[in-house]
2 protein chains.
Amino acid sequence: MEPEKVRAPNIRDVARLAGVSYQTVSRVLNEHPSIRETTKQRVLDVITEIGYRPNQAARALVTSRSRTIGVLTAQTADYGPSTSVTAIEHAAREAGYRITVTSIASSEYTSIRVALDQLLTQAVEALVVIAPQVRVLEAIRELHIDVPYVTLQNADMGEADHTMSIDQVAGARLATQHLIDLGHTEIMHISGPRDWIEADARMQGYLNAVNDADLRTRAPILGDWTAHFGYYAGLELLRFRDFTALFAGNDQMALGFMHACWDSGLSVPGDISVVGFDDIPEAAHFYPPLTTIRQNFAEIGRRAVSLLLAELQGTRVDQAQITPELVVRRSTAAL
Amino acid sequence: MEPEKVRAPNIRDVARLAGVSYQTVSRVLNEHPSIRETTKQRVLDVITEIGYRPNQAARALVTSRSRTIGVLTAQTADYGPSTSVTAIEHAAREAGYRITVTSIASSEYTSIRVALDQLLTQAVEALVVIAPQVRVLEAIRELHIDVPYVTLQNADMGEADHTMSIDQVAGARLATQHLIDLGHTEIMHISGPRDWIEADARMQGYLNAVNDADLRTRAPILGDWTAHFGYYAGLELLRFRDFTALFAGNDQMALGFMHACWDSGLSVPGDISVVGFDDIPEAAHFYPPLTTIRQNFAEIGRRAVSLLLAELQGTRVDQAQITPELVVRRSTAAL
DNA sequence: CCATTGCTTGTGTACGTTCACATTCTCAAC
DNA sequence: GTTGAGAATGTGAACGTACACAAGCAATGG
């Protein structure tokens, strides 16, 4: 007498025990309106009693709807992306969807292809992209992906339909303008990697602000979002002290840069003012507390989902851009 | 003439075009040994040509295997959990599994139940838990979950089979001992929240080390992992300067605490030495750079997956504990 | 009292795949 | 040339659900 593998109960088991047809059970599950209250209750009782769970695979098979949203992210543990993913997960869950996350190891084309391929094989109904988007977008077009998708940051690429935009250009402008307002005229910028759309947008905002103020434009340094990069770039840059303010593409690089400042015997904001971007929770506790641009990552995630869900239902929603916000702390001071 | 919705190609379409039976195609897909090379190639050609993708739902239905690993995480964007999740995803993908992530909003019982319920409904074959584990473990038992599961941190709860352990107790000992070796005798500890097993383990390591050295034991402060908490707890603690060293349960709280030190006019490590835990990438760039305990989060994730996969195949692997490592930086100094 | 309507329930079928079993083919050994 | 074994391929089920349609039932109106 083996403890023989018990089959999980199915819809017919429920039906038998409740004394109805399987179709009636199906109706209860799908909240069909025409079902007598007593019958419904009887079915529900049986369901909880025997611990029945609808088989998602069977459901997906017959409806050809996976109720799954794919999330494609860069292999990063950064605060922003992580926060957004969590928000996406919650919003999706509330709408009866689940998410499946795939991260890409590098931004190489094959890596992206493999990741997209896996997502498609899982029959995702929609796609959220949080990654080096330029290349990913290319891959999406090339693979003829026809599910609704959305990229999580501002893209000024004529892809308005597929973009959940925080106005990063405006955010970067805000940051740069803040430095200008403090009287700085020589402002450096360390940006994110080349193929990140948001890096590009922030750089654009910086350039716009500097140009509008008729200040000297300096070639931004292309970084990789890490504090390490900020540190080493800082050590290099500070050998020539020909600037008095720095706008970093994110808070981590700002942190690294400030570290380089102390190591070079310079004070922030005494000698150099620093502005970051993102407002990660730690930024308020940096030394000195970092002036930065706050982004509502959770809100972006939520909106991305609602945008996709709307598209799945054939409706369109006009999404207002989310405006980022300047948070002034002690890392910036008047010249 | 509508552009009528084209049905995705199925296994029979492939079979027809390749001039074989659908079962032959199935064999090609599942790498059955007895299949002629020429036939196999013909089938593969057709597959790539028409862009056929096996329907996972149908597969899951008939095999009753979802090839999905569920990940239950706390709603946190912290470096550690995020890194582990990414590693889990990669390891799972290599083994032909995918992951589905669900995060719990609060550590309330219902919240945990809902999350677990969603995971079970998705028929996950295994479960990784990165969350306030004490309560989650209770829920797992209560719901009679019978899939293999693993918690991602050390649990000294007689659950060795289900634990992917980094030896956190040892790590905390290491941190505390480092302070003792530097001559400190009054050492405070800010720990993580009550129901996190890892918080508990770190506290245990601290207490062990302090006891073994016959030092005064101080009641640890229960924190919430955030820099904010570290800051405010620090402001409070520093009103009585009756300690010379602090071991924080993670790097964020250490950062907040150091912030409180500057605000209180104290120098780190001049007046107070600080040790963190985790070695997040930013820790090397704190002011001063933080002495901390490095954990290999990615390795934990990988091992968790291999543990689960082994269990699914009925084999058992003995997992050596991963030992954390002390990284000495400038936030600690001899008394 | 019967026809009509709307609510409630039941029956057949399809979704796309794999498994168990059956069949055909190939080649070597007697 | 026959037999047999193993390789290669094919046929009929089954997985658990939702949809289309059919049918039963009660209430309403004439």
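Lettering of chains follows the sequences in order, A, B, ..., and the numbering in each one begins at 1. Below, each value reflects all heavy atoms present in this structure, side chains not excepted, and no hydrogens, waters or symmetry copies.
- Partners of E142(A) according to the side-chain hydrogen bond (donor to acceptor under 3.5 Å, both in side chains) rule, which considers only residues two or more places apart in sequence or in another chain, are Y109(A).
- Where V62(A) and T63(B) meet DNA chain D, the nucleotide closest to each residue was compared, and T63(B) sits on the side nearer the 5' end.
- How far CZ of R302(B) is from OG of S84(B): 9.5 Å, rounded to the nearest 0.5 Å.
- Residues from residues 40-61 of chain A placing a heavy atom under 4.0 Å of any atom in DNA chain C, listed by number, are L61(A).
- The overall bend of the helix from dC1(C)-dG30(D) to dC30(C)-dG1(D), read as the angle between its terminal helix axes built from five base pairs each, is 50° when rounded to 10 degrees.
- Nucleotides of DNA chain D lying under 4.0 Å from heavy atoms of chain A occupy a range whose first and last members, 5' to 3', are dG16(D) to dC21(D).
- Between the R93(A) side chain and the S103(B) main chain, a donor and an acceptor come within less than 3.5 Å of each other.
- Between I130(A) and W196(A), the shortest heavy-atom contact is O-CH2, 4.5 Å.
- Counting only N and O atoms by type, the side chains of Q118(A) and R98(B) include no donor and acceptor under 3.5 Å apart.
- Residues that satisfy the side-chain hydrogen bond (donor to acceptor under 3.5 Å, both in side chains) test with T83(B), not counting sequence neighbours, are absent from this structure.
- Residues passing the side-chain contact (heavy atoms from CB on, under 4.5 Å) test with R194(A), sequence neighbours excluded: L222(A).
- A search for side-chain contact (heavy atoms from CB on, under 4.5 Å) contacts involving T121(B) returns R53(A), Q56(A), D117(B), not counting sequence neighbours.
- Side-chain atoms of E125(A) do not come within 3.5 Å of backbone N or O of L312(A) as any donor-acceptor pair.
- Residues passing the side-chain contact (heavy atoms from CB on, under 4.5 Å) test with T100(A) are T68(A), L119(A), Q122(A), V124(A), sequence neighbours excluded.
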What are the atom names and distances for every N/O pair under 3.5 Å that joins the protein to nucleotides 5-8 of chain C?
none

>> Is there a side-chain contact (heavy atoms from CB on, under 4.5 Å) between F297(B) and Y79(B)? Walk through the geometry before answering.
In response: CA-CA 9 Å; F297(B) 291 104; Y79(B) 171 74; 3.9 Å; yes
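- Residues from residues 14-29 of chain B that place a heavy atom under 4.0 Å from any atom of DNA chain D, listed by number: V20(B), S21(B), Y22(B), Q23(B), T24(B), R27(B).
- Between the side chain of N30(B) and the main chain of H32(B), no donor-acceptor pair closer than 3.5 Å is present.
- Judged as a side-chain hydrogen bond (donor to acceptor under 3.5 Å, both in side chains), and not counting sequence neighbours, S111(B) has no contacts.
- Distance alone, capped at 3.5 Å, is enough to place a donor-acceptor pair between the T63(A) side chain and the R59(A) backbone.
- Every residue two or more places apart in sequence or in another chain that forms a side-chain contact (heavy atoms from CB on, under 4.5 Å) with L44(B) is listed here: V28(B), K40(B), Q41(B), I47(B).
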